[in-house]
K.L.:
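Sending over a structure as structure tokens; questions will come in a sec.
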Amino acid sequence: MEQAVIVACQLPNTDEERFHSSIEELQSLTETAHGQVHKIFVQKRNKIHPALYIGEGKLQEIKDYLEMNDIGLVIFNDELSPGQMSKLADYLDVGIIDRTQLILDIFARRANTKEGKLQVELAQLQYMLPRIYGQGKNMSRLGGGIGTRGPGETKLETDRRHIRRRIDDIKMRLSQVVSQRNQYRKRRKENRAFQIAVVGYTNAGKSTLFNRLTNSESFEENQLFATLDPLTRQIQLPSGFRALLSDTVGFIQDLPTTLIAAFRSTLEEVTEADFILHMVDASHQDHIQHEKTVQQLLTDLGADHLPMLTVYNKRDLLDANFFPATLPAVTISAHDPIDLKRLLDKIEEVIVEDWEPFQIYIQASDSNFLHRVESNSIVKERDFLEEDEKYFVKGWIDREHPLYHQLKNNRRGEKE
């Protein structure tokens, strides 16, 4: 484990709770990147020092501590300007990275698909471009540890033209991937597949839930950003209705803008969804702040108008006084099969609030149509009428679905 110290600057207008939560998060991010936080230095200032981020006195204190404890890495809680990074590296004579670089480093470790790797590299190059000069010495101080995964590892030439060419090349490749993804989405839309996106703060239990509901093997670990590459699988709700469930990358407060831009196509899975499951780790002390962060990002993506069910996870760790902050909601443990059944029932309950009720008679011989109705609507009643050799089916359907008009007009096998 690489030894590191964290440095944070607290400004007068910063919310105390949010500030401490951001430091705790930075500590978790460091551990996820296989680092160990030795000490946290905080300085209260009226404004961030334009050249050194914090004051010279505090910086000297940090330098003495680093030398005394033989620590070679300092992680700053905010994004540093190119000038600050260069001066801090010279002053402290150790490896310097900031919050953005740390998150990019974790993403570089986690990306598995070709698209994921390209998106991470694009974000790293866009971050690196204005910071090239003075970064060479800092990179050599970082050695092969935290902050060097991805392009840094390949000893990329520190030449702006070379980096710009590589950025253009990646953008072109990604545009091909995005066009393939759009074709795939278009096909799903044409087939009227109902899409549910699982979103939530990083480490809320999204992948655990996804795996339990779909019997899949998506990467599941008690670490930040365990999932980077979205997976989509089919699930069946209690009524027989079939839907597609997508696992998405975890959200985080102050997610670097280069990453939001790079992962836009991945996050667009959310905007294409018909329904959102917002997973919340209800046992986390900052879960309200986490909820707000996710809601803000959904607004930024233009997905805040979609029907949503908030799923408060880790019920086994909550006390009896827990009360949901957002409704509609359900409180579960993703490992409890009974809770998963309750969750699926609740999903149907919320979906039908926006759908149209229908009732129809279907000839027993028309089994294909009966199957289509059961797969594409939420059926709550199905009775076989022996004397008529017909099924009486009652349920709800999406107004946008091609079957809607047939069911509403009851044009199939009407009761005489």
Side-chain angles (χ1 to χ4, degrees), residues 6 8 10-11 13-33 76-79 98-104 106-107 110 123 197-210 222-228 230 246-264 266-271 273 275-314 317-318 322-329 331 334:
I6 281 175
Q10 187 173 8
L11 303 176
N13 57 352
T14 311
D15 177 76
E16 190 83 25
E17 210 174 299
R18 185 179 165 86
F19 177 72
H20 289 295
S21 139
S22 78
I23 291 177
E24 278 176 28
E25 196 161 81
L26 192 63
Q27 201 166 348
S28 297
L29 288 164
T30 306
E31 286 160 9
T32 297
F76 287 80
N77 194 33
D78 296 285
E79 190 168 308
D98 60 20
R99 185 188 188 89
T100 300
Q101 230 174 324
L102 180 59
I103 292 173
L104 288 170
I106 294 166
F107 270 55
R110 290 274 187 260
V198 186
V199 305
Y201 209 75
T202 184
N203 210 22
K206 295 183 301 301
S207 296
T208 305
L209 182 77
F210 181 84
N222 186 27
Q223 282 192 321
L224 304 182
F225 304 121
T227 303
L228 274 192
S246 294
D247 191 9
T248 63
V249 61
F251 293 7
I252 191 170
Q253 69 183 31
D254 308 320
L255 191 66
T257 48
T258 49
L259 268 180
I260 292 184
F263 279 84
R264 194 102 200 157
T266 307
L267 291 170
E268 274 170 6
E269 281 289 324
V270 177
T271 64
F275 191 86
I276 290 178
L277 275 187
H278 177 187
M279 285 286 284
V280 179
D281 174 359
S283 69
H284 197 289
Q285 60 184 30
D286 293 320
H287 75 84
I288 300 286
Q289 182 58 52
H290 292 179
E291 275 191 65
K292 286 179 184 166
T293 299
V294 173
Q295 282 158 357
Q296 185 54 54
L297 274 165
L298 289 174
T299 302
D300 295 346
L301 287 166
D304 52 329
H305 65 286
L306 296 168
M308 183 168 80
L309 173 63
T310 305
V311 183
Y312 291 97
N313 189 24
K314 309 193 183 176
L317 303 177
L318 304 180
F322 177 79
F323 194 76
T326 309
L327 293 173
T331 306

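All residue numbers in this chain count up from 1 along the given sequence. Every value quoted in this text rests on a predicted model; they were computed, and no experiment measured them.
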K.L.:
Answer with yes or no whether the side chains of Glu24 and His20 bring together a donor and an acceptor at under 3.5 Å.
P.N.:
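No, no side-chain donor-acceptor pair sits under 3.5 Å.
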
K.L.:
Should the pair Lys314-Asp281 be classified as a salt bridge under the 4.0 Å nitrogen-to-oxygen rule?
P.N.:
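The answer is yes: the pair qualifies as a salt bridge.
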
K.L.:
Is a donor on one side and an acceptor on the other found under 3.5 Å between the side chain of Asn77 and the backbone of Leu26?
P.N.:
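No: the side chain of Asn77 does not pair with the backbone of Leu26.
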
K.L.:
Restricting to side chain to side chain contact (heavy atoms under 4.5 Å, CB included), what partner residues turn up for Gln296, sequence neighbours left out?
P.N.:
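Side chain to side chain contact (heavy atoms under 4.5 Å, CB included) check on Gln296 returns Thr299, Asp300.
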
K.L.:
Of His278, His284, Lys292, Glu25, which meets side-chain hydrogen bond (donor to acceptor under 3.5 Å, both in side chains) against Tyr201?
P.N.:
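Of the listed residues His278, His284, Lys292, Glu25, the side-chain hydrogen bond (donor to acceptor under 3.5 Å, both in side chains) partner of Tyr201 is Glu25.
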
K.L.:
Between Glu17 and Asp286, does the side-chain contact (heavy atoms from CB on, under 4.5 Å) criterion hold? Intermediate values first, please.
P.N.:
CA-CA 9 Å; Glu17 210 174 299; Asp286 293 320; 4.2 Å; yes

K.L.:
Report yes or no: do Glu291 and Thr326 form a side-chain donor-acceptor pair below 3.5 Å?
P.N.:
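Short answer, yes.
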
K.L.:
In Å, rounded to the nearest 0.5 Å, how long is the span from CD of Gln27 to OG1 of Thr32?
P.N.:
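The distance works out to 11.0 Å.
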
K.L.:
Not counting sequence neighbours, which residues clear side chain to side chain donor-acceptor pair (under 3.5 Å) with Asp98? List them please.
P.N.:
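Here the qualifying residues are Tyr127.
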
K.L.:
Tell me whether the rings of His287 and Phe322 are parallel (<30°), tilted (30 to 60°) or perpendicular (>60°).
P.N.:
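Geometry flag for Phe322 against His287: tilted rings.
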
K.L.:
When rounded to the nearest 0.5 angstrom, what distance separates OG in Ser28 from CD1 in Ile106?
P.N.:
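With rounding to 0.5 Å, OG (Ser28) is 9.5 Å from CD1 (Ile106).
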
K.L.:
Given the rule in the side-chain contact (heavy atoms from CB on, under 4.5 Å) test, do Asn313 and Leu209 qualify, once you have shown the distances and angles that lead to the verdict?
P.N.:
CA-CA 9 Å; Asn313 189 24; Leu209 182 77; over 6 Å; no

K.L.:
Mind checking what makes side chain to side chain donor-acceptor pair (under 3.5 Å) contact with Thr14, not counting sequence neighbours?
P.N.:
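So Thr14 forms no side chain to side chain donor-acceptor pair (under 3.5 Å) with any residue.
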
